[in-house]
There are 2 protein chains.
Amino acid sequence: MTREPAATTGAIQRPTLADVAAKAGVSASTASLAFSGSGPVADATKERVLAAASELGYGGPDPRARSLRQGRSGIVGVVLAERVRAAFLDPVNIQMLDGVTEGIAPLGAGLLLLTDTGEEGGNAVGIESAPVDAVVLIGCSPRVGRSVEVLRRRGIPSVAIEGAVGEDIPEISIDNREATRRGAEYLRDLGHTEVAIVTLPFDAARTRGPLTPELERGSTADTASERLRGARDVFPEITGRVAATSSIEEGREAAKALLADPAHRPTAVIAQSDLLAAGVVLAAEELGLSVPGDLSVLGFDGIRVDGLQHDLTTLVQPSVDKGRAAGEALVSLLAGETPASRCFTSTLHVGDTTAPPR
Amino acid sequence: MTREPAATTGAIQRPTLADVAAKAGVSASTASLAFSGSGPVADATKERVLAAASELGYGGPDPRARSLRQGRSGIVGVVLAERVRAAFLDPVNIQMLDGVTEGIAPLGAGLLLLTDTGEEGGNAVGIESAPVDAVVLIGCSPRVGRSVEVLRRRGIPSVAIEGAVGEDIPEISIDNREATRRGAEYLRDLGHTEVAIVTLPFDAARTRGPLTPELERGSTADTASERLRGARDVFPEITGRVAATSSIEEGREAAKALLADPAHRPTAVIAQSDLLAAGVVLAAEELGLSVPGDLSVLGFDGIRVDGLQHDLTTLVQPSVDKGRAAGEALVSLLAGETPASRCFTSTLHVGDTTAPPR
DNA sequence: TTCTACGATCGAATCGATTCGAGCCGCCCG
DNA sequence: CGGGCGGCTCGAATCGATTCGATCGTAGAA
């Protein structure tokens with residue numbers, strides 16, 4: 001026993017498994033078995049070990065040592081495109097996260113929040129050096145390429161939600177384009193011809209403003225682009241505003257701009273998220289327009305917007321399912337299998353925010 | 001070199017630092033220095049090592065081994081009282097989380113989400129066995145006692161936000177009682193005498209319904225109790241409804257019950273959170289009551305309720321500051337200091353949801 | 001009674017990096 | 001020309017547990 005007494009080192013020495021084993025009069029291997037439960041240990045021995053542990057104030061095996069030996073940490077990383085606050089603003093992300101926890105439940109793993117915003121400062125634990133067994137990439141970002149490269153080098157199994165990143169990484173997505181097209185067709189069939197769109201951001205800078213060809217061309221966001229294409233499939237000339245993020249406030253701002261001129265008001269607005277749609281509804285009503293009488297509004301996501309009076313007409317996407325599928329794909333990857341990418345289908349929910357134009 | 005070639009084991013062998021060192025013709029220690037940057041290494045050597053690493057597809061030092069050796073993992077745990085989805089419903093929690101990330105920024109640590117709901121199943125990574133350097137406990141729960149005990153045994157520095165858990169654990173809180181009292185006094189000074197309250201849940205079961213003495217007595221939630229006491233300081237006979245969680249919908253439900261009988265309507269409602277307050281406002285307006293004309297509503301938190309038309313009169317608590325303070329306390333604890341508990345002050349923000357009674 | 005088989009326990013190797021002290025080499029200064 | 005010093009590199013110990021193969025003892029079977 002080379003361990004120095006606490007008095008010598010000055011620092012408090014936590015007891016180790018070896019200490020416990022010594023006190024219990026057994027070997028370290030036996031003590032380990034007593035704790036892990038795997039392997040045959042006589043009940044009396046086990047009790048003796050546990051008693052020694054409790055006497056010494058031993059808090060259980062050190063997870064760091066355990067994970068080194070076992071080669072896995074029991075932690076799954078979640079890479080978000082933005083900082084925590086921004087990412088959790090939209091309930092969709094939270095639902096997906098919740099789905100992920102369900103999906104990886106069989107692993108019994110914890111969730112480590114990571115962001116791929118810029119460089120990793122000094123000693124920071126980023127994607128570069130996080131003790132994770134696997135990773136879920138949520139939402140695409142221009143930097144996702146770098147993240148993927150790092151993960152590949154480190155040999156960490158990964159799954160991407162919404163954002164094609166590489167052929168060897170399974171992707172969980174939805175039919176963004178087709179779904180939006182269905183929604184747009186529904187509006188067209190109602191008789192709408194003057195339709196505007198409020199999109200999610202196209203670039204990492206989250207530029208807000210009118211939808212311009214430059215922005216579209218520079219797009220690094222598949223989701224926004226695909227949904228826009230779906231709208232274009234039905235209304236080729238559609239134009240509108242780009243929001244800086246998915247929130248009610250952004251939707252309201254965009255709608256104010258779209259509805260400012262009474263002479264050129266659209267009769268319907270396609271919003272790329274429910275939060276944006278909710279903002280559009282509120283802005284319209286503030287301007288004295290009735291929804292859906294004067295303005296039809298189509299959302300995307302199918303979340304319950306807390307507090308909104310209307311039942312949004314929207315494209316309901318299975319967010320929780322997506323998260324769960326991503327989690328399950330990770331489990332599968334860790335089991336050595338090669339799960340396929342999955343594409344979920346959204347369904348049009350007709351609520352009370354759409355009607356034929358006046 | 002005892003390493004088997006990949007062909008023999010069948011599994012892909014990731015290269016280790018030793019492999020890199022061998023290929024670069026240096027010792028493992030030098031290779032380590034080349035990566036960590038600490039210690040003097042000739043530029044030429046460093047380049048050689050990095051080149052060898054890149055050639056071998058080495059993804060950097062294994063964080064598990066590193067954390068074992070260094071004795072810290074670079075991960076901070078966040079213990080939530082409920083499952084992820086529920087905890088992130090209220091923006092206040094997200095703001096606090098965001099503050100925590102700011103506070104622990106100097107550590108460069110990642111955030112591991114943990115919940116203290118029930119037992120830890122089998123191999124699950126819970127509070128019992130998570131490789132964390134420190135922990136923030138957010139929101140109190142009846143089980144928090146067990147969590148604290150585990151953390152103490154494991155010798156993991158902890159800080160609690162809103163929830164006194166033990167003298168050796170610093171607590172970050174706000175003046176719940178005094179703040180509510182100030183709000184209540186403001187309502188009284190406006191002339192209100194018929195005041196009702198909508199509270200946060202009192203117990204782990206999140207019982208919803210009328211506020212009863214039984215619920216109050218069985219309270220395990222300091223926050224709800226303290227805020228109720230503050231209201232009682234001004235309106236000793238106050239009664240009302242208990243919500244199951246902090247959300248607009250719950251607020252609306254509670255308000256519907258409170259306002260159901262036109263003969264016994266309160267002229268003001270004290271809500272224990274802004275989400276609840278927003279629900280109360282919406283419910284009142286649905287019933288054709290004007291806010292603040294027919295009903296004054298007081299909130300708590302000072303969050304911007306996305307989409308609510310009103311400027312809530314509310315007790316603004318510095319959520320982000322609380323989170324940051326908790327993070328800073330952790331940093332301090334890890335530095336061997338003993339940070340004091342901190343109690344923040346809330347300020348009454350007078351918006352447009354309060355007025356003298358008719 | 002002897003051999004077998006199995007349950008319990010132990011020793012030692014291992015996971016992959018970090019870190020400390022020692023050693024080596026070349027340069028500068030006296 | 002010699003001693004000293006500083007910068008670079010290396011060896012070996014260490015972090016704390018898990019795990020595999022070996023050992024020991026005993027009970028049951030032949």
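Every chain is numbered from 1, with letters handed out A, B, ... down the list of sequences.
No more than 12 heavy atoms of other residues, nucleotides or ligands shown are found within 6.0 angstrom of CG on A:Asp43.
Rounded to an integer number of Å, the gap from B:Leu17 CG to C:dC15 P is 14 Å. Atom-to-atom, CZ of A:Arg64 to P of D:dT18 comes out at 14 Å; the value is rounded to the nearest Å. In this structure, the CG atom of A:Leu56 is 15 Å from the C1' atom of D:dG16, given to the nearest Å. Across the protein-nucleic acid pair, B:Phe35 atom CZ and C:dA17 atom P stand 9 Å apart, rounded to whole Å.
Residue B:Val150 is tested with B:Arg153, B:Arg152, B:Arg154 for a side chain to side chain contact (heavy atoms under 4.5 Å, CB included); the sole match is B:Arg154.
You'll find the side chain of A:Asp19 reaches within 4.5 Å of the side chain of A:Leu56, heavy atoms only. By the 4.5 Å heavy-atom criterion applied to side chains, B:Thr101 and B:Leu111 are counted as neighbours. A heavy-atom distance below 4.5 Å is not found between the side chains of B:Leu114 and B:Leu80. For the pair B:Val135/B:Leu137, a side-chain contact is recorded, criterion being any heavy-atom separation below 4.5 Å from C-beta on. Side-chain contact between B:Phe88 and B:Leu113 is present, with at least one heavy-atom pair separated by less than 4.5 Å.
Positionally, the nearest nucleotide of DNA chain D for B:Lys46 lies more toward the 5' end than for the other of B:Lys46 and B:Leu68.
Comparing the helix axis at one end of the helix from C:dT1-D:dA30 to C:dG30-D:dC1 with that at the other, each defined from 5 consecutive pairs, gives an inter-axis angle of 40° (nearest 10°).
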Distance-only criterion, 3.5 Å: show the donor-acceptor pairs between side-chain atoms of residues 332-341 of chain A and protein atoms not counting sequence neighbours.
unit_1	atom_1	unit_2	atom_2	d
A:Ser332	OG	A:Glu337	OE1	3.0
A:Ser341	OG	A:Glu171	N	2.9

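Here the closest heavy-atom approach between residue A:Pro63 and residue B:Ala130 is recorded as CG-O, 3.7 Å.
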Protein N or O to nucleotides 22-25 of chain D N or O, pairs below 3.5 Å:
none

Mind listing the N/O atom pairs, protein and nucleotides 6-8 of chain C, below 3.5 Å?
none

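Under 4.0 angstrom from either OP1 or OP2 of D:dC10 there lies at least one side-chain N or O belonging to B:Ser27. Of the side-chain N and O atoms in A:Tyr58, none sit less than 4.0 angstrom from OP1 or OP2 of D:dG16. Between D:dT18 and A:Arg66, a contact under 4.0 Å exists linking OP1 or OP2 to a side-chain N or O.
The side chain to side chain contact (heavy atoms under 4.5 Å, CB included) search around A:Val320 returns A:Gln95, A:Glu102, A:Arg324, B:Arg85, not counting sequence neighbours.
No donor-acceptor pair closer than 3.5 Å links the side chain of B:Ser173 to the backbone N or O of B:Glu162.
Side-chain atoms of A:Ser29 and A:Ser32 form no donor-acceptor pair, as typed in the model, at a separation below 3.5 Å.
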- Indicate for each nucleotide in nucleotides 19-26 of chain C, in 5' to 3' sequence, whether protein heavy atoms under 4.0 Å reach the base (B), only the sugar-phosphate (S), or nothing (-). B-------

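In this structure, B:Asp133 pairs ionically with A:Arg64, as a charged nitrogen and a carboxylate oxygen lie closer than 4.0 Å.
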